[in-house]
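Here the structure comes first, spelled out in structure tokens, and everything after it is commentary.
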Amino acid sequence: MSNQLKESVESILNNLRTAVKIPIGISNKHIHLTKEDFQKLFPNQEMTMLKPLKQPGEFASNQTVTVIGPKGNLENVRILGPYRKQSQIELAITDARKIGMKLPIRLSGDIENTPGVKLKSSFGECVLEKGAIIAKRHIHLSPVDAQLLKVSQGQCVAVRIDGQDRNMILDDCIIRIGDNFKLEMHIDTDEANAGNITPNSVATFLER
């Protein structure tokens with residue numbers, strides 16, 4: 001491939017990347033549980049679906065619990081399915097402050113050396129020894145999308161989001177690639193409120 005042709009292809013791909021509209025998923029506080037921990041909270045019950053989420057196979061369950069912190073509680077925190085290999089709870093900074101917790105900002109699944117928390121339902125209790133985090137904003141993509149958009153696993157990118165009468169540029173957005181992933185950016189409720197962002201808002205890549 002000649003240098004001129006290579007530059008033309010790269011220019012087309014760069015233009016494609018900045019033109020793509022990334023759907024926004026606003027993540028409210030929620031919990032992921034192992035089957036063992038779920039059974040502590042809901043003995044002899046099964047996790048049941050309230051509604052499917054955009055990422056294939058994931059869903060909001062009908063089950064909710066109370067999160068008990070040092071200085072207060074968060075009630076009706078929803079459990080998301082399916083079961084996970086390790087339990088974790090994802091809160092916004094505002095949620096954590098409400099119950100007296102200072103939590104690290106981590107990618108989902110990165111829970112080593114994180115605080116634990118107590119969960120309670122009408123049927124039982126469960127103490128998580130670790131797993132309480134503020135979820136780091138990230139973008140889900142399939143391998144095909146990642147190749148077309150010239151991004152790689154774990155890459156840090158910047159995006160612009162046009163909210164209602166308030167636009168935002170968010171840096172430090174982490175790329176997460178998976179075979180079953182659909183293109184979607186996940187932010188928490190604090191980030192959404194800061195930009196007056198709704199589920200109908202979209203993000204676009206910015207060139208670094």
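Since we're looking at a predicted model, the values are computed, not measured.
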Decide whether [X] and [Y] meet the rule of one side-chain donor and one side-chain acceptor closer than 3.5 Å.
{"X": "N28", "Y": "T189", "result": "no"}
{"X": "T48", "Y": "N62", "result": "yes"}
{"X": "Q155", "Y": "Q153", "result": "no"}

Do [X] and [Y] come within less than 4.5 Å of each other through their side chains, counting heavy atoms only?
{"X": "T64", "Y": "I79", "result": "no"}
{"X": "S152", "Y": "I175", "result": "no"}
{"X": "L119", "Y": "V77", "result": "no"}
{"X": "M185", "Y": "C173", "result": "yes"}
{"X": "I31", "Y": "L33", "result": "yes"}
{"X": "P104", "Y": "P115", "result": "yes"}
{"X": "I134", "Y": "E90", "result": "no"}

Tell me the closest heavy-atom pair linking [X] and [Y], and the distance in Å.
{"X": "P143", "Y": "G178", "result": "CD-O, 3.3 Å"}
{"X": "C156", "Y": "D171", "result": "SG-OD1, 4.4 Å"}
{"X": "G109", "Y": "Q88", "result": "N-OE1, 2.9 Å"}
{"X": "M101", "Y": "P70", "result": "CG-CD, 3.5 Å"}

Exercise. Using a strict cut-off of less than 4.0 Å between a Lys/Arg side-chain nitrogen and an Asp/Glu carboxylate oxygen, indicate whether D37 and K40 qualify as a salt bridge.
Key: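 Result for this pair is yes, salt bridge flagged.
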
Flag yes if [X] and [Y] sit in one hydrophobic cluster, no otherwise; membership is Ile, Leu, Val, Met, Phe, Trp, Tyr, and two members link when side-chain heavy atoms are under 4.5 Å apart.
{"X": "I177", "Y": "I22", "answer": "yes"}
{"X": "L53", "Y": "L183", "answer": "no"}
{"X": "I187", "Y": "I133", "answer": "no"}
{"X": "I89", "Y": "I111", "answer": "no"}
{"X": "L149", "Y": "I161", "answer": "yes"}

Exercise. Determine which pairs satisfy ring-ring contact (aromatic ring centres under 6.0 Å, His included) with at least one residue from residues 164-192, sequence neighbours left out, and list them in order.
Key: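 Those involving residues 164-192 are H138-H186, H140-F181, H140-H186.
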
Quiz item: Going by the ring-ring contact (aromatic ring centres under 6.0 Å, His included) test, which pairs reach into residues 39-69, not counting sequence neighbours?
Solution: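 Every pair satisfying ring-ring contact (aromatic ring centres under 6.0 Å, His included) with a residue in residues 39-69: F38-F42, F42-F123.
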
Please name all residues satisfying side chain to side chain contact (heavy atoms under 4.5 Å, CB included) with [X], sequence neighbours left out, ordered by chain then number.
{"X": "I68", "value": "T66, N73, K118, K120"}
{"X": "N167", "value": "R160, D162"}
{"X": "M168", "value": "L170, A194, I197"}
{"X": "R84", "value": "H32, E58, S108"}

Provide the full list of salt bridge (charged side-chain N to carboxylate O under 4.0 Å, His left out) pairs with a residue in [range], sequence neighbours left out, each pair given once.
{"range": "residues 65-83", "answer": "none"}
{"range": "residues 41-56", "answer": "none"}
{"range": "residues 191-201", "answer": "R137-E191"}

Exercise. Please test D188 against S27 for side-chain hydrogen bond (donor to acceptor under 3.5 Å, both in side chains), starting from the C-alpha separation and ending with a verdict.
Key: CA-CA 5 Å; D188 67 24; S27 296; over 6 Å; no

Do the side chain of [X] and the main chain of [Y] share a donor and acceptor less than 3.5 angstrom apart?
{"X": "T204", "Y": "K21", "result": "no"}
{"X": "E125", "Y": "L41", "result": "no"}
{"X": "T34", "Y": "K85", "result": "no"}

Quiz item: Is there a side-chain contact (heavy atoms from CB on, under 4.5 Å) between L91 and I99 once you walk through the steps?
Solution: CA-CA 11 Å; L91 304 177; I99 59 174; 4.2 Å; yes

Using a side-chain heavy atom cutoff under 4.5 Å and only I, L, V, M, F, W and Y, what cluster partners does [X] have?
{"X": "I174", "value": "L107"}
{"X": "V202", "value": "none"}
{"X": "V127", "value": "none"}

Exercise. Give the intermediate values and the outcome of side-chain contact (heavy atoms from CB on, under 4.5 Å) for residues V159 and I139.
Key: CA-CA 10 Å; V159 302; I139 300 173; 3.9 Å; yes

Practice problem: Could you check V20 against D145 for side-chain contact (heavy atoms from CB on, under 4.5 Å), going step by step and ending with a plain yes or no? | Solution: CA-CA 10 Å; V20 167; D145 286 338; over 6 Å; no

Quiz prompt | Point-to-point distance, once rounded to the nearest 0.5 Å, from CG of D110 to CD of Q86 | solution =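 So the gap between those two atoms works out to 9.0 Å.
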
Quiz prompt | Point-to-point distance, once rounded to the nearest 0.5 Å, from NZ of K29 to CG of D190 | solution =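 Those atoms lie 10.5 Å apart.
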
Quiz item: Checking side-chain contact (heavy atoms from CB on, under 4.5 Å) for the pair T114/L103: CA distance, chi angles, key distance, verdict?
Solution: CA-CA 7 Å; T114 58; L103 304 181; over 6 Å; no

